Amino acid sequence: MIAFNRTNHQPTTFLLLGIPGLEAVHIWISIPFCLVYLLALMGNAALLLIVKSDPKLHEPMYLFLCMLSGTDLMLTSTLPKILSLFWFNDREICFEACLTQMYFIHSLTTMESGFMLGMSLDRYVAVCHPLRHSTILTPAVIVGLGLAIVLRGAVLLSPHAFLLRWLSYCKTNVISHTYCEFMALIKLVCDKTKIHRVYGLIVAFLTGGLDFILIICSYVLILLTVFQLPSKAARLKTLSTCVSHVWVILMFYTPAFFSFLSHRFGHHIAPHIHIFIANVYLLIPPMVNPIIYGVKTKRIRQGFFKILTIKSI
């Protein structure tokens, strides 16, 4: 039975289906999801603690990394509900909670993209203008950029929640997904949704799309500068400072673009593939970001070992 608000055909609750066609193995699928959740939680918390406790890491790159880790920690708050769905078949989520979850997921992923752009700006200034790095990227500038990124994500994504709040959902209240996602909700609406879809595309371009273009431009300028260096050793040393950031970019934008394209053009792709890609986009970057920087950055790696040593004593 579908419980609807009679005034505007809104369900009082939605039912999350999980991964369509794989309901019988939800309990097994929950194992990697649980591992991802624990690794993301511990990794990002440890990363924040390490950067906070080491004054030598209070540099623009690591301050942006802390902002990214904080955002990742907030994103992992969706995992308990997904695990509850897998473990206890807890499918029900109220209408307001669903819209709130949708808003925070999309706004936080937008902020992630912005922080990666900030990190690419830091790499550009460090490589192309090394003598002016500390004067260009001052603490006040870093804080200002961070606030601008947060406000951009919060403001541009807020119309989604308000617009969806007043639409009619007369088809069904079953969401074929593991969490409340914009495109999954739009499919349940019986009103015309062209404006909402167009606005979604515009926001996607102005945030993730524009960020990615600017990141590519920054790395083109970095490469042009690196190739002008006199020795191979100097070129390799300079490029090595960008490796961690490049890996983080690839781990974030690759599933993001696959998810975006599969929703818009992959009408013949099986539903569980859509949802798998969407979950990879949401959950894998928060897990791998601390691992990448822990492996590639000596001081962060030493901080991780120090935390493990303290816990083992």
Side-chain angles (χ1 to χ4, degrees), residues 35-37 39-52 54 57-76 105-127 137 142 145-146 149-150 152-153 204 207-223 226 237-260 277-304:
L35 290 174
V36 166
Y37 176 56
L39 287 171
L41 203 62
M42 293 187 295
N44 285 289
L47 188 59
L48 289 171
L49 179 62
I50 291 165
V51 175
K52 180 180 180 297
D54 190 344
L57 292 175
H58 294 177
E59 300 174 359
M61 185 68 171
Y62 300 108
L63 294 178
F64 279 123
L65 181 59
C66 284
M67 297 177 195
L68 181 62
S69 288
T71 306
D72 287 340
L73 279 175
M74 287 187 278
L75 264 179
T76 58
I105 286 174
H106 288 288
S107 61
L108 288 170
T109 51
T110 298
M111 292 174 201
E112 279 187 312
S113 177
F115 292 134
M116 289 183 196
L117 175 59
M119 294 163 79
S120 71
L121 173 64
D122 169 76
R123 291 299 86 204
Y124 163 73
V125 176
V127 174
L137 294 177
I142 300 300
L145 287 172
I149 290 166
V150 170
R152 183 189 68 163
T207 54
L210 186 59
D211 290 347
F212 185 72
I213 291 170
L214 292 174
I215 289 170
I216 294 297
C217 291
S218 70
Y219 271 96
V220 169
L221 294 173
I222 287 171
L223 288 173
V226 168
K237 184 178 179 180
T238 303
L239 286 174
S240 67
T241 63
C242 303
V243 171
S244 298
H245 184 232
V246 170
W247 275 111
V248 167
I249 290 169
L250 290 174
M251 294 304 298
F252 178 80
Y253 282 105
T254 302
F257 283 129
F258 272 111
S259 181
F260 178 82
I277 295 172
N279 280 281
V280 167
Y281 166 50
L282 180 69
L283 306 176
I284 296 301
M287 179 192 73
V288 300
N289 291 345
I291 296 173
I292 290 170
Y293 275 92
V295 170
K296 300 298 295 183
T297 308
K298 184 179 179 180
R299 296 197 69 85
I300 293 178
R301 186 166 63 249
Q302 289 173 340
F304 276 121

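Keep in mind it's a predicted model, so treat the numbers as computed, not measured.
Glu59 contributes atom CD, which lies 9.5 Å from atom CZ of Arg299 (distance to the nearest 0.5 angstrom). In this structure, CD in Glu112 is found 9.5 Å from CE in Met74, a value given to the nearest 0.5 Å. For the atom pair CZ (Arg152) and OG1 (Thr110), the distance works out to 6.5 Å, reported to the nearest 0.5 Å. To the nearest 0.5 Å, the span separating CG on Leu35 from CE on Met287 amounts to 9.0 Å. Leu57 contributes atom CG, which lies 8.5 Å from atom SG of Cys66 (distance to the nearest 0.5 angstrom). Once rounded to the nearest 0.5 Å, the distance linking CG of Leu239 with CG of Leu223 reads 6.5 Å.
The minimum heavy-atom distance between Gly294 and Phe304, with the atom names listed, is CA-CE1, 3.8 Å. Across Tyr253 and Gly208, no two heavy atoms sit closer than the pair CE2-O, 3.7 Å. Listed here is the closest heavy atom pair of Ser120 and Ile215: OG-CG1, 3.6 Å. In terms of heavy atoms, Val248 sits closest to Met116 at CG1-CE, 3.7 Å. In this structure, Thr71 and Phe115 approach most closely via the heavy-atom pair OG1-CE1, 3.1 Å. A pairwise comparison of heavy atoms in Ile292 and Ser244 identifies CG2-O, 3.7 Å as the closest pair.
Panel note: side chain Ser259, backbone Ala256; no donor-acceptor pair is recorded below 3.5 Å. Panel note: side chain Arg123, backbone Cys242; no donor-acceptor pair is recorded below 3.5 Å. The backbone N or O of Thr238 sits less than 3.5 Å from a side-chain atom of Thr241, completing a donor-acceptor pair. The backbone N or O of Lys237 lies less than 3.5 Å from a partner atom in the side chain of Ser240, making a donor-acceptor pair. Although no hydrogens or angles enter the test, the distance criterion places a donor-acceptor pair under 3.5 Å between the side chain of Asn44 and the main chain of Pro286.
Applying the ring-ring contact (aromatic ring centres under 6.0 Å, His included) criterion to Phe64, with sequence neighbours excluded, gives no partner residue. Every residue two or more places apart in sequence or in another chain that forms a ring-ring contact (aromatic ring centres under 6.0 Å, His included) with Tyr219 is listed here: His245.
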- Given side chain to side chain contact (heavy atoms under 4.5 Å, CB included), test Leu221 with Val127 step by step and report yes or no. CA-CA 9 Å; Leu221 294 173; Val127 174; over 6 Å; no
- Item | Evaluation steps, side chain to side chain contact (heavy atoms under 4.5 Å, CB included), between Asp54 and Ile300 | CA-CA 9 Å; Asp54 190 344; Ile300 293 178; over 6 Å; no
- Task: Evaluate the criterion side chain to side chain contact (heavy atoms under 4.5 Å, CB included) for residue pair Ile284 and Met251; output intermediate values, then yes/no.
- Result: CA-CA 8 Å; Ile284 296 301; Met251 294 304 298; 3.8 Å; yes
- Message: Would Asp72 and Thr76 count as a side chain to side chain contact (heavy atoms under 4.5 Å, CB included) here? Give the steps.
- Response: CA-CA 6 Å; Asp72 287 340; Thr76 58; 5.5 Å; no
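With contacts defined as side-chain heavy-atom distances shorter than 4.5 Å, the pair Ser113/Thr207 does not qualify. No side-chain heavy atom of Asp122 sits under 4.5 Å from any side-chain heavy atom of Ile142.
Under the 6.0 Å cut-off for aromatic ring centres, Tyr281 and Phe258 do not qualify, their centroids lying 6.0 Å or more apart.
Considering Asn289, Leu63, Leu47, Leu73 in turn, Asn289 is the only one that fulfils the side-chain contact (heavy atoms from CB on, under 4.5 Å) rule with Leu68.
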